[in-house]
Amino acid sequence: MVAQGFTVDLNKPLVFQVGHLGEDYQEWVHQPIASKEGPRFFESDFWEFLTRNEWWVIPLIWLPVVSWFILMSIRMGLGILSVAVLVAFGILAWTLLEYTLHRFLFHIKTKSYWGNTIHYLLHGCHHKHPMDGLRLVFPPTATAILCIPFWKFIRLISTASTAPALFGGCLLGYVMYDVTHYYVHHGQPTSDIPKSLKKYHLNHHFRIQNKGFGITSSLWDKVFGTLPSTKSAEKSR
């Protein structure tokens with residue numbers, strides 16, 4: 001199904017075109033188009049609708065769910081301090097999951113028709129159109145589906161009273177990730193830490209795309225040696 005010398009028509013729905021690029025897909029998808037106007041993905045208005053989400057929908061939907069899970073642990077008799085520690089651990093666990101998924105799944109090399117197509121839907125679209133504001137957060141429908149096996153896994157590895165707080169922490173970490181991700185693309189930070197985070201992430205998009213996989217934090221890039229070098233460090237070599 002891969003077509004030799006295929007050219008993507010940006011004026012037509014993209015999802016079922018990109019698979020035809022074959023081995024050329026990797027080069028094409030990592031040549032970003034820095035426009036706030038996003039492309040059309042599907043001919044179907046229904047499927048197209050599911051791919052477009054305003055950033056504020058994420059905290060609106062998921063923060064009440066986070067609160068409910070945390071309160072569940074408190075109602076089961078867990079102390080406030082214990083709940084706080086579990087929530088903090090859940091956030092930390094999310095940052096590791098965020099890093100792992102971004103590095104090993106979202107940046108996997110593909111060349112088959114369906115491999116390219118699935119990768120484009122997962123992450124390639126974001127690298128091709130990094131400023132598309134309606135495709136910067138994960139669709140709530142997909143999140144809800146993925147939460148089911150993740151909740152079952154948390155229950156398997158923890159006790160009945162600790163599982164809700166731990167899951168709530170992980171979910172809170174996800175909300176922080178999506179909101180932060182939108183902000184570093186479209187926000188205009190004035191203080192040093194947000195400025196540094198924005199520069200760090202946009203560096204991943206526009207300069208060194210095989211490093212800098214953290215979004216909310218550079219912690220795991222430092223731990224696993226994927227922190228991109230600064231321009232000043234490169235000049236000193």
Grab the two heavy atoms, one from [X] and one from [Y], that are nearest each other, plus how far apart they are.
{"X": "Asp178", "Y": "Phe138", "value": "OD2-N, 3.0 Å"}
{"X": "Lys222", "Y": "Leu227", "value": "CG-CD2, 3.9 Å"}
{"X": "Gln26", "Y": "Ile108", "value": "NE2-O, 3.8 Å"}

Could you measure the distance from the [atom1] atom of [X] to the [atom2] atom of [Y]? Nearest 0.5 Å is fine.
{"X": "Ser112", "Y": "Ile118", "atom1": "OG", "atom2": "CD1", "value": "7.5 Å"}
{"X": "Lys199", "Y": "Arg207", "atom1": "NZ", "atom2": "CZ", "value": "8.0 Å"}
{"X": "Leu197", "Y": "Ser218", "atom1": "CG", "atom2": "OG", "value": "8.0 Å"}
{"X": "His107", "Y": "Gln209", "atom1": "NE2", "atom2": "CD", "value": "7.0 Å"}

Only distances under 3.5 Å count here; give the side-chain donor-acceptor pairs of residues 141-157 to other protein atoms, sequence neighbours excluded, each with its distance to 0.1 Å.
residue, atom, partner, partner atom, Å
Thr143, OG1, Pro139, O, 3.2
Thr143, OG1, Tyr174, OH, 3.4

Identify whether [X] and [Y] are in the same connected component of the hydrophobic contact network (ILVMFWY, side-chain heavy atoms under 4.5 Å).
{"X": "Leu21", "Y": "Ile33", "answer": "yes"}
{"X": "Val85", "Y": "Leu171", "answer": "no"}
{"X": "Met131", "Y": "Phe106", "answer": "no"}
{"X": "Val137", "Y": "Met176", "answer": "yes"}
{"X": "Leu136", "Y": "Phe49", "answer": "no"}

>> Going by the rule side chain to side chain donor-acceptor pair (under 3.5 Å), which residues pair with His119 if we only count those two or more places apart in sequence or in a different chain?
In response: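 With neighbours one apart ignored, the set is Tyr25.
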
> Among all residues two or more places apart in sequence or in another chain, which pass the side chain to side chain donor-acceptor pair (under 3.5 Å) test with Asn210?
Replying inline: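 Here no residue qualifies.
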
>> Considering only residues two or more places apart or on different chains, which pairs with a residue in residues 43-70 satisfy salt bridge (Lys or Arg N to Asp or Glu O under 4.0 Å)?
In response: Arg40-Asp45, Glu48-Arg52, Glu48-Arg135

> What pairs meet the salt bridge (Lys or Arg N to Asp or Glu O under 4.0 Å) rule with one or both residues in residues 87-110, with sequence neighbours excluded?
Replying inline: none

> Do the rings of His181 and Tyr177 sit parallel, tilted or perpendicular, given the 30° and 60° boundaries?
Replying inline: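 His181 vs Tyr177 ring planes: parallel.
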
> How are the rings of His127 and His102 set relative to one another: parallel (under 30°), tilted (30 to 60°) or perpendicular (over 60°)?
Replying inline: tilted

Can you tell me if [X] uses its side chain to pair, donor with acceptor, with the backbone of [Y] under 3.5 Å?
{"X": "Asn53", "Y": "Leu134", "value": "no"}
{"X": "Lys198", "Y": "Gln188", "value": "no"}
{"X": "Asn116", "Y": "Gly22", "value": "yes"}
{"X": "Lys128", "Y": "Gln31", "value": "yes"}
{"X": "Tyr113", "Y": "Phe16", "value": "yes"}
{"X": "Ser191", "Y": "Ile193", "value": "no"}
{"X": "Asp24", "Y": "Phe6", "value": "no"}

Are any of the side-chain heavy atoms of [X] and [Y] separated by less than 4.5 Å?
{"X": "Thr51", "Y": "Val15", "value": "no"}
{"X": "Pro32", "Y": "His205", "value": "no"}
{"X": "Tyr183", "Y": "Pro189", "value": "yes"}

> Mind checking what makes side chain to side chain contact (heavy atoms under 4.5 Å, CB included) contact with Lys211, not counting sequence neighbours?
Replying inline: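 In terms of side chain to side chain contact (heavy atoms under 4.5 Å, CB included), with neighbours along the sequence ignored, Lys211 is linked to Ile208, Pro228.
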
> Under 6.0 Å from the OH atom of Tyr200, do we count more than 12 heavy atoms belonging to anything else shown?
Replying inline: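 Yes, OH of Tyr200 has more than 12 neighbouring heavy atoms, counting only those of other groups under 6.0 Å.
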
> Is there any side chain to side chain donor-acceptor pair (under 3.5 Å) pair reaching into residues 5-16, and which pairs are they, with sequence neighbours excluded?
Replying inline: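 For residues 5-16, and leaving out neighbouring residues, there are no side chain to side chain donor-acceptor pair (under 3.5 Å) pairs at all.
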
> Which residues pass the ring pair (Phe, Tyr, Trp, His ring centres under 6.0 Å) test with His129, sequence neighbours left out?
Replying inline: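 Expected list: none.
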
> Residues two or more places apart in sequence or in another chain: which of them pass ring pair (Phe, Tyr, Trp, His ring centres under 6.0 Å) with Phe41?
Replying inline: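 Phe41: ring pair (Phe, Tyr, Trp, His ring centres under 6.0 Å) contacts with Tyr120.
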
Taking only distance into account, with no hydrogens and no angle test, what donor-acceptor pairs under 3.5 Å do side-chain atoms of residues 55-84 form with protein atoms, sequence neighbours excluded?
residue, atom, partner, partner atom, Å
Ser67, OG, Leu63, O, 3.1
Ser73, OG, Ser161, O, 2.5
Ser73, OG, Ala165, N, 2.9

> Transitive ILVMFWY cluster of Leu202 at side-chain heavy atoms under 4.5 Å: who else is in it?
Replying inline: Phe206

> Cluster partners of Leu219, using ILVMFWY side-chain heavy atoms under 4.5 angstrom, listed by chain and number?
Replying inline: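 Grouped by the 4.5 Å side-chain rule, Leu92, Leu96, Tyr99, Phe213, Trp220, Val223, Phe224 form the rest of the cluster around Leu219.
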
>> Show, in sequence, the C-alpha distance, side-chain angles and deciding distance for Leu97 and Trp94, and conclude whether the side-chain contact (heavy atoms from CB on, under 4.5 Å) test is met.
In response: CA-CA 5 Å; Leu97 181 61; Trp94 165 262; 3.8 Å; yes

>> Against Ile91, only a single residue in Leu172, Thr216, Leu86 fulfils side chain to side chain contact (heavy atoms under 4.5 Å, CB included); can you say which?
In response: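 When Leu172, Thr216, Leu86 are each tested with Ile91, the side chain to side chain contact (heavy atoms under 4.5 Å, CB included) holds only for Leu172.
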
